Amino acid sequence: MITYDNTRTIRELLDKSVEEFKETAFLRYERDDVIYDISYQRFGELCRMVGTFLNERRAKLKRQVKVGLF
């Protein structure tokens with residue numbers, strides 16, 4: 001169960017959400033009259049891919065890479 005007391009970071013929130021909700025739809029969108037779902041599991045994978053990209057970018061640039069969340 002995800003609670004304020006056991007979730008302190010965005011990373012913890014993501015990991016706990018993926019673990020708890022796995023194949024539940026996290027996001028639903030429409031394109032060309034077709035409805036698509038992205039599961040919590042897939043969203044977690046995509047977030048990890050972005051994290052890997054940013055870590056590689058930081059190593060290449062030899063400086064911090066700033067990102068924003070909205």
Side-chain angles (χ1 to χ4, degrees):
M1 173 180 249
I2 301 168
T3 66
Y4 178 79
D5 292 330
N6 71 10
T7 308
R8 298 288 183 194
T9 66
I10 292 174
R11 174 68 185 262
E12 287 177 354
L13 178 61
L14 175 67
D15 290 343
K16 290 178 190 313
S17 296
V18 168
E19 183 180 316
E20 188 165 331
F21 301 112
K22 292 182 177 63
E23 292 306 317
T24 303
F26 171 79
L27 176 68
R28 182 170 286 147
Y29 65 96
E30 178 185 352
R31 181 184 295 159
D32 299 325
D33 295 325
V34 177
I35 296 176
Y36 298 91
D37 287 341
I38 295 179
S39 69
Y40 278 83
Q41 183 95 25
R42 181 64 179 147
F43 180 70
E45 292 167 2
L46 294 170
C47 288
R48 286 181 193 83
M49 289 167 61
V50 170
T52 299
F53 166 78
L54 292 173
N55 282 332
E56 290 170 355
R57 187 80 176 150
R58 180 183 51 138
K60 182 178 179 180
L61 295 174
K62 296 182 176 44
R63 64 177 172 81
Q64 290 293 331
V65 176
K66 296 181 181 181
V67 298
L69 299 174
F70 64 94

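Residue numbers run from 1 in the order of the sequence given. Being a predicted model, the structure only gives us computed values, none of them experimental.
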Partner of E30 under side-chain contact (heavy atoms from CB on, under 4.5 Å), chosen from V34, D33, D32: D33
Rounded distance (nearest 0.5 Å) linking atom CG of L13 with atom CG of N6: 10.0 Å
Distance (rounded to the nearest 0.5 Å) between I2 CD1 and E12 CD: 11.0 Å
Spatial distance of atom CZ (F26) from atom CG (D37) [nearest 0.5 Å]: 12.0 Å
Common cluster, I38/Y36, ILVMFWY with side-chain heavy-atom separation under 4.5 Å: yes
Donor-acceptor under 3.5 Å (K22 side chain, E19 main chain): yes
Heavy-atom side-chain contact between D15 and R48 under 4.5 Å: yes
Minimum heavy-atom distance E20-M1, with the two atoms named: OE1-CA, 3.4 Å
Common cluster, M49/V65, ILVMFWY with side-chain heavy-atom separation under 4.5 Å: no
Parallel, tilted or perpendicular: rings of F21 and Y40 (30°, 60°): tilted
E45 bridged to R42 by N-O distance under 4.0 Å: yes
Heavy-atom neighbours of I10 CD1 exceed 12 at 6.0 Å: no
Aromatic Y4 / basic R8 pairing, under 6.0 angstrom, 45° off normal: yes
Point-to-point distance, once rounded to the nearest 0.5 Å, from CG of L54 to NZ of K66: 14.0 Å
Contact check, side chains of L14 and F43, non-hydrogen atoms, under 4.5 Å: yes
